[in-house]
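Some notes on the structure that comes next.
Here is the naming used below: chain letters follow the sequence lines, and residue numbers restart at 1 for every chain. The figures that follow rest on heavy atoms only: side chains count, while hydrogens, waters and symmetry mates do not.
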Amino acid sequence: MFEIQKKDPSSGARTGIIRTDHGKINTPVFMPVGTAGTVKGVLQRDLKEEVKAGIILCNTYHLYLRPGTGILREAGGLHKFMNWDGALLTDSGGYQVFSLSDNRKLTEEGALFRSHIDGSAHTFTPESVVDIQRIIGADIIMAFDECTPYPCDYDYALRSMALTHGWLDRAVKRFNTTDELYSHRQVLFPIVQGSIYADLRKQSAEYIAEAGMPGNAIGGLSVGEPADLMYEMIEVVNAILPGEKPRYLMGVGTPVNILEAIDRGIDMFDCVIPTRNGRNGMLFTGEGIINIKNSKWANDFTVIDEKGPSDISRSYSKAYLRHLIISGEMLGAQIASLHNLAFYLWLVDEARTNIEKGEYRKWKNRMIVALAQRI
RNA sequence: GGGGAGAUACCAAAGUGGCCAACUGGGGCAGACUGUAAAUCUGCUGUCGAAUGACUUCGUAGGUUCGAAUCCUGCUCUCCCCA
């Protein structure tokens with residue numbers, strides 16, 4: 001499924017290809033987040049043609065609640081339902097166990113939770129989450145885990161990790177004893193936990209690697225901990241996760257986070273930042289970060305990003321986009337999302353190019369200075 | 001010409017003797033957002049000051065009072081009804 005293409009001599013960075021029945025994906029890759037079967041504000045057509053995304057992420061918890069498995073099954077799976085012929089990855093709902101924690105109860109068996117939509121009670125087990133993801137039909141599906149919060153005390157992190165490991169065994173068993181419902185292959189990725197404790201992370205990485213799945217994920221990071229701590233955990237984990245398989249750092253992150261993680265051997269990313277922060281007026285460019293709502297852009301008629309990767313970035317002025325966002329116009333959110341996603345995809349593409357040239361470190365250090373800047 | 005209502009900060013609008021530099025909403029300014037309960041949320045928004053605070057404000061000019069956005073009088077302006 002995964003093939004390493006090139007390793008950067010100056011860092012842990014590498015390029016590779018993930019093969020799915022919905023296309024080849026060059027890594028490092030960024031996956032736009034399309035929680036409810038839509039990358040908010042962006043047409044599938046534009047995801048392909050403007051953003052140049054080969055894979056997007058959707059969410060089991062949200063799709064299970066709405067539209068529900070009945071409709072997804074009837075539609076012939078999510079690819080068909082949403083008219084997306086690229087690859088799909090579904091998150092298991094482990095993050096929702098974390099972010100909607102007021103409404104849930106965890107047991108050895110699984111998670112009992114209340115719907116954020118209507119308050120109705122539901123149960124997720126490692127098995128049912130595999131079943132639901134069979135129905136959704138994503139190319140890559142995730143094991144059900146608990147994403148621990150930050151801060152998280154050691155004892156809780158330990159118990160939670162054990163729970164996630166126990167759930168993994170059951171998920172793998174269910175996965176291995178069930179079949180794809182549609183005519184394409186699915187793979188299951190397990191998730192490393194362990195909060196910010198190096199010994200737990202190490203233990204978890206060993207356990208997860210042992211499962212022998214075709215790819216591995218790191219969860220429970222970028223939940224509020226300092227970035228350096230996150231990088232440290234990535235190093236601990238990546239020293240153990242097998243190098244010949246893709247490594248997916250869940251939910252990360254800022255452009256700088258992504259470059260640092262690539263440097264440490266991460267291949268896959270997803271994050272809501274380009275879309276959510278875009279809707280809220282934050283734009284990423286090669287020159288730095290712009291808050292387009294700031295009055296300084298009111299009469300700046302230069303384009304959003306003249307070196308921008310997408311036609312969109314080079315078509316509309318900052319003043320116009322500011323006007324749209326300030327006015328609450330839908331088009332503002334659309335343009336900002338599209339631009340940011342195109343930028344993120346461009347960024348990982350540049351990373352790939354520079355890994356291939358064997359100059360990743362040098363390039364990264366140069367980029368980070370520009371990317372971290374507020375303009 | 002007669003009768004009535006009103007004038008509060010950028011806008012709208014509360015407040016009708018001390019708890020008022022003045023509720024609230026909008027607007028403006030800034031910030032947050034990392035496997036999306038987010039087209040969301042937070043802060044500031046008279047002047048000066050980092051702040052305790054000081055100073056100047058509720059159409060306008062006077063007055064009453066220990067104390068006035070609030071009470072009284074004149075003036076100016078706006079709106080409504082009748083002629």
Side-chain angles (χ1 to χ4, degrees), chain A residues 30-42 55-63 65-66 88-104 113-119 129 133 138 140-150 164 189-193 216-227 229-230 248-258 260-261 266 268-284 289 291-298 322 324-337 340 344 374:
Chain A
F30 180 80
M31 306 180 281
V33 176
T35 306
T38 159
V39 175
K40 294 186 196 302
V42 183
I55 177 168
I56 63 173
L57 174 145
C58 296
N59 185 274
T60 302
Y61 167 88
H62 289 279
L63 291 168
L65 287 180
R66 223 167 29 191
L88 283 176
L89 179 150
T90 38
D91 180 31
S92 60
Y95 186 77
Q96 281 61 43
V97 168
F98 153 77
S99 66
L100 303 170
S101 57
D102 292 347
N103 295 319
R104 54 82 167 157
F113 62 89
R114 292 198 166 274
S115 159
H116 70 278
I117 299 164
D118 62 6
V129 167
Q133 291 184 99
I140 301 172
I141 73 175
M142 303 302 299
F144 191 50
D145 67 332
E146 185 195 3
C147 177
T148 48
Y150 178 83
T164 291
F189 282 17
I191 304 171
V192 174
Q193 289 292 340
N216 297 294
I218 306 173
L221 291 176
S222 66
V223 289
E225 78 285 0
L229 215 44
M230 169 167 78
Y248 164 29
L249 179 60
M250 305 185 76
V252 173
T254 66
V256 172
N257 290 161
I258 288 174
E260 292 292 8
I266 297 290
M268 303 167 68
F269 300 89
D270 78 280
C271 191
V272 303
I273 283 180
T275 43
R276 184 196 286 166
N277 291 28
R279 286 196 300 281
N280 294 331
M282 185 182 275
L283 301 178
F284 297 90
I289 297 166
N291 182 348
I292 199 68
K293 290 194 282 194
N294 288 172
S295 57
K296 65 202 259 198
W297 307 113
R322 174 175 194 272
L324 293 178
I325 298 238
I326 291 239
S327 308
E329 287 291 338
M330 294 191 280
L331 187 59
Q334 294 175 312
I335 291 173
S337 299
N340 279 347
Y344 264 64
R374 304 291 297 246

What is the distance from [atom1] of [X] to [atom2] of [N], rounded to the nearest Å?
X	N	atom1	atom2	result
Ile117(A)	U36(B)	CD1	P	14 Å
Ile218(A)	G35(B)	CD1	C1'	12 Å
Asn340(A)	A39(B)	CG	P	15 Å
Ile273(A)	A38(B)	CD1	P	16 Å
Phe30(A)	G35(B)	CZ	P	8 Å
Ile335(A)	A39(B)	CD1	P	18 Å
Arg279(A)	A37(B)	CZ	C1'	12 Å
Leu283(A)	A39(B)	CG	C1'	14 Å

Heavy atoms only, 4.0 Å cut-off, all strands: where does [X] land among base, sugar-phosphate and nothing?
X	answer
Gln193(A)	base
Thr275(A)	base
Arg374(A)	sugar-phosphate
Ile191(A)	base
Gly41(A)	nothing
Asn277(A)	base
Ile140(A)	nothing
Asn59(A)	sugar-phosphate
Ser295(A)	sugar-phosphate
Glu329(A)	nothing
Leu57(A)	sugar-phosphate
Arg322(A)	sugar-phosphate

So which nucleotide does [N] pair with, by the Watson-Crick or G-U wobble rule with both distances under 3.5 Å?
N	result
A7(B)	U76(B)
A32(B)	U40(B)
A12(B)	U24(B)
G1(B)	C82(B)
C71(B)	G63(B)

Distance between the [atom1] atoms of [N] and [M], in whole angstroms?
N	M	atom1	value
U73(B)	U64(B)	P	15 Å
A39(B)	C48(B)	C1'	39 Å
C23(B)	G67(B)	C1'	23 Å
A7(B)	G59(B)	P	8 Å
C44(B)	A37(B)	C1'	28 Å
A69(B)	C19(B)	P	9 Å
C71(B)	G6(B)	P	11 Å
A9(B)	G4(B)	C1'	29 Å

Within a strict 4.5 Å, meaning less than it, do heavy atoms of the [X] and [Y] side chains meet?
X	Y	value
Asn257(A)	Ser222(A)	no
Asn340(A)	Thr275(A)	no
Asn59(A)	Tyr95(A)	no

Presence of [X] side-chain N/O under 4.0 Å of [N] phosphate oxygens OP1/OP2:
X	N	answer
Ser222(A)	G35(B)	no
Arg276(A)	U34(B)	yes
Gln96(A)	A37(B)	yes

Return yes if some donor-acceptor pair links the side-chain N/O of [X] with the main-chain N/O of [Y] below 3.5 Å, else return no.
X	Y	answer
Thr35(A)	Cys58(A)	no
Arg279(A)	Ser337(A)	no
Asp270(A)	Gly251(A)	yes

After noting the C-alpha distance and the side-chain angles of Leu89(A) and Ile141(A), does the key distance pass the side chain to side chain contact (heavy atoms under 4.5 Å, CB included) rule?
CA-CA 6 Å; Leu89(A) 179 150; Ile141(A) 73 175; over 6 Å; no
Which nucleotide sits closest to the side chain of [X]: [options]?
X	options	result
Lys40(A)	A32(B), U34(B), A38(B)	A38(B)
Lys293(A)	A37(B), U40(B), G28(B)	U40(B)
Asn280(A)	G35(B), U40(B), A39(B)	U40(B)
Asn294(A)	A37(B), G35(B), G31(B)	G31(B)

When Gly328(A) and Val223(A) are each assigned the nearest nucleotide of RNA chain B, the 5'-most assignment goes to Val223(A)
Could you say whether Gly281(A) or Thr35(A) is positioned toward the 5' end of RNA chain B, judged by the nucleotide with the nearest heavy atom to each?
Gly281(A)
Distance-only side-chain donor-acceptor flag, Gln193(A) / Thr164(A), under 3.5 Å:
no
Taking atom types as modelled, is there a side-chain donor on Tyr61(A) or Asp91(A) under 3.5 Å from an acceptor on the other?
no
Taking donor-acceptor contacts at under 3.5 Å, does the side chain of Asp145(A) reach the base of G35(B)?
yes
